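Before any comments, here is the structure.
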Amino acid sequence: MSLVGNWSYPTAIRFGAGRINELPDACAKAGMKRPLLVTDKGLADLPITKAALDTIKAAGLGRGLFSDVDPNPSEVNLYAGVEAFKAGGHDGVIAFGGGSGLDLGKMVAFMSGQTRPLWDFEDIGDWWTRADPDAIAPIIAVPTTAGTGSEVGRAAIITNSVTHEKKIIFHPKVLPSVVICDPELTVGMPRFITAGTGLDAFAHCVEAYSSPHYHPMSQGIALEGMRLVIDYLPRAYADGTDIEARGQLMSAAAMGATAFQKGLGAIHALSHPVGAIFNTHHGTTNAVCMPAVLAFNAPAIKDRFDRAAGFLGIAGGFEGFQAFVQQFNDSFGIPRKLGELGVTRDKIDALVQGAIKDPSCGGNPIELTEENLRTLFEQVI
């Protein structure tokens, strides 16, 4: 099967090995003549990043780079990026990398022309309408991992460096105008990042499928996304050069982020404050939290996962799916408790307060309270 396509759901996606070479044409389509490539510190000096910069430079588009991006990016990173954007006379952003590079790149483009502070645009009610849509620079997204799906998202997660809370910033025009999904860019990922990002995509699909909101298109996408991760993550983990497996996981990542338009839930409500306070890897944190959340949500999701298990080739319905998830985590060396990632019980009060405020709570099939969130944190730490 040839893994090549041109998709427009939810945005224009150029999918296939080697398509990073189309970056100059994507810039032209997006109206960029002097793009700023935004990526994280770890990617800045890698060959894939240098090659992308060489490609745009050869096309006469300059070699603008901003890479002062932390694993859980903050507004400090963002304002430095906006300053670099303005100082370099840039007219668009190439958001390049995993979730941190993609999210920060999107926010640099978003904030480059705004006059209000970032937190005025948090994803609360209609706060997004406060932004000047004409002042948002065009965005091209190039994922180099297969997990977050931020390349097809209309929001970004930025950590408040003062309160250590993760905040979601939303605007429809933050959706990239062109996405390049080239699985060759993911070949060099370390195994633990392959596992963590793949399980992030899996968590997105599981939570979207669990969400009580009505969105049958997302429901179908989430189900197939789960299947792709189950079938292909073990292959990519075993052999990082398996391009078919890498490509299928890139699809699953985009599918997970498309599906969670339907909602996320307790996995992400737990994971976001943990990442903000302890700087843990987001996908790995999600994976650790998933078994406890599945057990907590069981009364509300058993019937739908009884059906899903059959499609996924898992015997035993919901209970079989639960057992599979733990075995799946174990096969990639995922810790069973957050304590192994450095999370400590003395921060439970702060974690509970961060979780109860997280917008992901609204998509959980069972109502989340400070009391049951505390119980979940005690179980997963």
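This one's a predicted model, so the numbers in the text were calculated from it and none came from an experiment.
- Checking T49 against T39 by side-chain atom types alone, no donor-acceptor pair falls below 3.5 Å.
- Between the side chain of R191 and the backbone N or O of Y237, at least one donor-acceptor pair lies under 3.5 Å.
- Counting only distance, with no hydrogens or angles, the side chain of T55 and the backbone of A51 share a donor-acceptor pair below 3.5 Å.
- Among L78, L43, D40, the single residue meeting the side-chain contact (heavy atoms from CB on, under 4.5 Å) criterion with V69 is D40.
- Note: the hydrophobic cluster containing V343 also contains L199 (ILVMFWY, side chain heavy atoms under 4.5 Å, direct or indirect links).
- To the nearest 0.5 angstrom, L264 atom CG is 7.0 Å from H272 atom NE2.
- Distance alone, capped at 3.5 Å, places no donor-acceptor pair between the T186 side chain and the R246 backbone.
- There is no side-chain donor-acceptor pair under 3.5 Å between S210 and R304.
- The side-chain heavy atoms of S177 and K29, taken from C-beta on, include no pair separated by under 4.5 Å.
- You'll find the side chain of V229 reaches within 4.5 Å of the side chain of F328, heavy atoms only.
- At least one donor-acceptor pair closer than 3.5 Å links the side chain of N160 to the backbone N or O of T163.
- In this structure, F121 and F110 have perpendicular ring planes: the angle between them is above 60°, well past the 30° mark.
- Atom CD1 of I56 is separated from atom CD1 of I94 by 4.5 Å, given to the nearest 0.5 angstrom.
- K166 contributes no side-chain N or O that, together with a main-chain N or O of G275, makes up a donor-acceptor pair within less than 3.5 Å.
- Ring orientation note: the planes of F305 and F321 are tilted relative to one another, at an angle of 30° to 60°.
- The distance from atom NE2 of H204 to atom OG1 of T258, rounded to the nearest 0.5 Å, is 11.0 Å.
- For the pair E207 (side chain) and H268 (backbone), a donor-acceptor distance under 3.5 Å is present.
- With rounding to the nearest 0.5 angstrom, the CG atom of L53 is 5.5 Å from the CG atom of L65.
- Under the 4.5 Å side-chain heavy-atom criterion for ILVMFWY residues, a single connected hydrophobic cluster contains both V206 and M217.
- Taking CD1 from I124 and CD1 from I169, the interatomic distance works out to 9.0 Å, rounded to the nearest 0.5 Å.
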Begin from the C-alpha positions of K50 and D45 and carry the test salt bridge (charged side-chain N to carboxylate O under 4.0 Å, His left out) through to its verdict.
-> CA-CA 7 Å; K50 291 179 177 179; D45 294 325; 5.1 Å; no
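- Hydrophobic clustering of Ile, Leu, Val, Met, Phe, Trp and Tyr side chains at less than 4.5 Å, counting indirect connections, unites I230 with F318.
- Between the side chains of Q326 and D330, at least one donor-acceptor pair of N or O atoms lies under 3.5 Å.
- In this structure, D239 contributes its side chain and T241 its backbone to a donor-acceptor pair below 3.5 Å.
- Taking CD from Q353 and NZ from K347, the interatomic distance works out to 13.5 Å, rounded to the nearest 0.5 Å.
- Taking the six-membered ring for Trp and thresholds of 30 and 60 degrees, W128 and F170 have ring planes more than 60 degrees apart, a perpendicular arrangement.
- In terms of heavy atoms, A203 sits closest to I267 at CB-CG2, 4.5 Å.
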